[in-house]
Amino acid sequence: MKPDLFTSPDYFHLNELLTEEHRLIRDTSREWVKKEVSPIIEEACQKAKFPDQILKGLAEIGAFGPYIPAEYGGAGLDQVSYGLIMQELERGDSGIRSTASVQSSLVMYPIYKYGNEEQRKRFLPRLASGELIGCFGLTEADHGSNPGGMTTNFKDCGDYFLLNGAKLWISNSPFADIAIVWAKNEEGRIKGLIVERGMDGFTTPETHGKWSLRASATGELVFDNVKVPKQNLLPNKDGLGAPLGCLDSARYGIAWGAIGAAMDCYDTALRYSKERHQFGKPIGSFQLQQKKLAEMITEITKAQFLTWRLGVLKNEDRASTAQISMCKRNNVDMALKIARESRQILGGMGITGDYPIMRHMMNLESVVTYEGTHDIHLLITGLDITGLNAFK
Ligand code: TGC
Ligand code: FAD
């Protein structure tokens, strides 16, 4: 891949609305991505191999549990800071952001929110430092958009819970040390369990052949009569609302992340349009190319403000599930469209690994599907504004 010359677009001076701490955090993450991610990411994707050498650095920049309090090893930052870190990571690659958002919002968050003090102390500091890596098992082969239909289940056997079932499409599962697993008890109530690698009957086969998120490892979680110690049950919340609460936090991070991918595509295409000559002129001088670029910066700018505002609401604990859905859906769709248009501006070069655009485009095909598909988020907005539930 060519050297990383990324310059962040900021057409309406959003920078001025950030605090000094926000800017410092963003710039630190950006520099880290330039130094540690950009030089290795293309090869990792080509080889479909998760670059595990970056885990330590991710922990060092505070990407594991940015908003988890410092007493549990987190960085104790606000939600805008969390978002900015996700933006910069996804500017590098959606798979890198995935690893960080799963660890923070889908593993550390439920332990922090729904776990007891013993569980928080036992797991959170080691997750924050990257000593432990986690994954989140909600989706099943027959229950993706409708996780409430899950069949993975556990029985109370006195000294332990006996867990059976399987989860599919689980980010980080092939190497995760622990899994937050959502399963039904004998009354059919959904509960969260912390399942640890090494427990008898627990396996994590890798899913191969992905054309998207190739630098992120994806796999299954299979439970064949796994004896889970009772102290590994998350006691403080149950029902589908428990995993959905985690998704609110992760979807929020994705909303920021998608802006990062869009900015990288736009920045690459803008630079290329000024350097590449056809018909004796830079292609950026043609009106058709300018239209594409002008529309891209307009959409990025709108997304930046929507998302920053969402961050402010989240800091005040006022961001609703429906607002987060709208923002995730809008931004991922925006980023996908920008990736496709940018790819065209680069002509044939756009399909090569010399530039990041095709990789972002393929990654975003997963991002538009996971954490609630494009359609599901539209229906969440529909329910919110009409009061009529399309899912029931
Ligand atoms: P519904 O009846 O609406 O709700 C069930 C219960 O949950 C409550 N609730 C929430 N609670 C907290 N936070 C939220 N955001 C909540 N949304 C709903 C709700 O009040 C109710 O509570 P109660 O007490 O009445 O039981 O549920 P439904 O079955 O109709 O489903 C609604 C729907 C379709 C919106 C939901 O199931 C959904 O969001 N589906 C999409 C599934 C999804 O997003 N899966 C993501 C899997 S994880 C993943 O993709 C990780 S990728 C990570 C990476 O690599 O970056
Ligand atoms: P389906 O639910 O079968 O949907 C198929 C199509 O039907 C979609 O277009 C959908 O929008 C549409 N559809 C479904 N229901 C409706 C409806 N009511 N109205 C209109 N249209 C509808 N899950 C985890 O639990 N943990 C993870 O870490 C994780 N990581 C992932 C990583 C990757 C790379 C991918 C691709 C997925 C991951 N997922 C994870 C799973 C992801 O959340 C699901 O793929 C997603 O929720 C959609 O489920 P599905 O694939 O079963 O599609």
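When a ligand or atom number is given, it counts from 1 through the structure's own listing order. Residue numbers run from 1 in the order of the sequence given.
Heavy atoms of Leu106 found under 4.0 angstrom from ligand 2: none, in either backbone or side chain.
For the ligand labelled ligand 2, residue Cys135 lies outside the 4.0 Å heavy-atom shell. For the pair Val102 and ligand 2, no heavy-atom separation below 4.0 Å is found.
Against a heavy-atom cut-off of under 4.0 Å, Leu138 is close to the following atoms of ligand 2: 25 (O). For ligand 2 and Thr369, the ligand atoms under 4.0 Å from any heavy atom of the residue are 45 (O), 46 (C). Residue Ser366 has at least one heavy-atom neighbour below 4.0 Å for each of these atoms of ligand 2: 34 (C). Close approach to Glu371 involves these atoms of ligand 2, each under 4.0 Å from a residue heavy atom: 43 (O). Close contacts between ligand 2 and Ile170 involve ligand atoms 24 (C), 25 (O), 26 (N), 27 (C), 28 (O) [criterion: under 4.0 Å to a heavy atom].
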What's the verdict on side chain to side chain donor-acceptor pair (under 3.5 Å) for Ser105 and Tyr252, showing C-alpha distance, side-chain angles and the deciding distance?
CA-CA 9 Å; Ser105 288; Tyr252 166 76; over 6 Å; no
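Checking Asp384 against Thr381 by side-chain atom types alone, no donor-acceptor pair falls below 3.5 Å.
With hydrogens and angles disregarded, no donor-acceptor distance shorter than 3.5 Å links the side chain of Lys184 to the backbone of Asn153. Of the possible polar contacts, one joining the Thr268 side chain to the Asp264 backbone as a donor-acceptor pair under 3.5 Å is found. For the pair Arg343 (side chain) and Gly347 (backbone), a donor-acceptor distance under 3.5 Å is present.
The shortest distance between side-chain heavy atoms of Asn232 and Arg122 falls below 4.5 Å. Side-chain contact check for Ser104 versus Ile68: every heavy-atom pair is 4.5 Å or farther apart.
When only non-hydrogen protein atoms are considered, atom 20 (C) of ligand 2 lies nearest to Leu379 CD1, 4.0 Å. Looking from atom 13 (N) of ligand 2 to the surrounding protein, the closest heavy atom is Ser145 OG, 4.5 Å. Of all protein heavy atoms, the one lying nearest to atom 28 (O) of ligand 2 is Ser171 N, 2.9 Å. For atom 38 (C) of ligand 2, the closest non-hydrogen atom on the protein side is Trp169 O, 3.1 Å.
When the heavy-atom distances from atom 24 (C) of ligand 2 to Ile376, Thr207, Thr139, Asn146 are ranked, the shortest goes to Thr139. Between the choices Ser98, Ser94, Gly144, the shortest heavy-atom distance to atom 50 (P) of ligand 2 belongs to Gly144.
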Which protein N or O atoms sit under 3.5 Å from any N or O of ligand 1? Give atom names and distances.
| unit_1 | atom_1 | unit_2 | atom_2 | d |
| --- | --- | --- | --- | --- |
| ligand 1 | 2 (O) | Lys392 | NZ | 2.9 |
| ligand 1 | 7 (O) | Gly241 | N | 3.2 |
| ligand 1 | 15 (N) | Asp248 | OD1 | 3.1 |
| ligand 1 | 15 (N) | Asp248 | OD2 | 3.1 |
| ligand 1 | 15 (N) | Thr321 | OG1 | 2.8 |
| ligand 1 | 30 (O) | Lys392 | NZ | 2.9 |
| ligand 1 | 39 (O) | Arg251 | NH2 | 3.0 |
| ligand 1 | 40 (N) | Ser145 | O | 2.9 |
| ligand 1 | 44 (O) | Arg251 | NH2 | 2.7 |
| ligand 1 | 44 (O) | Gly372 | N | 2.8 |
| ligand 1 | 50 (O) | Glu371 | N | 2.9 |
| ligand 1 | 55 (O) | Ser98 | OG | 2.7 |
| ligand 1 | 55 (O) | Ser171 | OG | 2.7 |
| ligand 1 | 56 (O) | Arg97 | NH1 | 3.2 |
| ligand 1 | 56 (O) | Ser98 | OG | 3.0 |
| ligand 1 | 56 (O) | Tyr370 | OH | 3.3 |

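Distances between N or O atoms of Thr373 and those of ligand 2 include at least one value under 3.5 Å. Geometrically, ligand 2 and Asp375 share a nitrogen or oxygen pair separated by less than 3.5 Å. At least one N or O atom of Phe136, backbone or side chain, sits closer than 3.5 Å to an N or O atom of ligand 2. Considering both main-chain and side-chain atoms, Tyr370 never comes within under 3.5 Å of ligand 2 through any nitrogen or oxygen pair. In terms of polar-atom proximity, defined here as any N/O pair under 3.5 Å, Leu213 makes no such contact with ligand 2.
Considering every non-hydrogen atom in both Cys157 and Leu162, the closest pair reads SG-CB, 3.8 Å.
The other residues sharing a hydrophobic cluster with Leu233 are Phe154, Phe161, Leu163, Ile170, Val181, Leu193, Val195, Met199, Phe202, Leu221, Phe223, Val226, Val228, where clustering joins ILVMFWY side chains under 4.5 Å apart.
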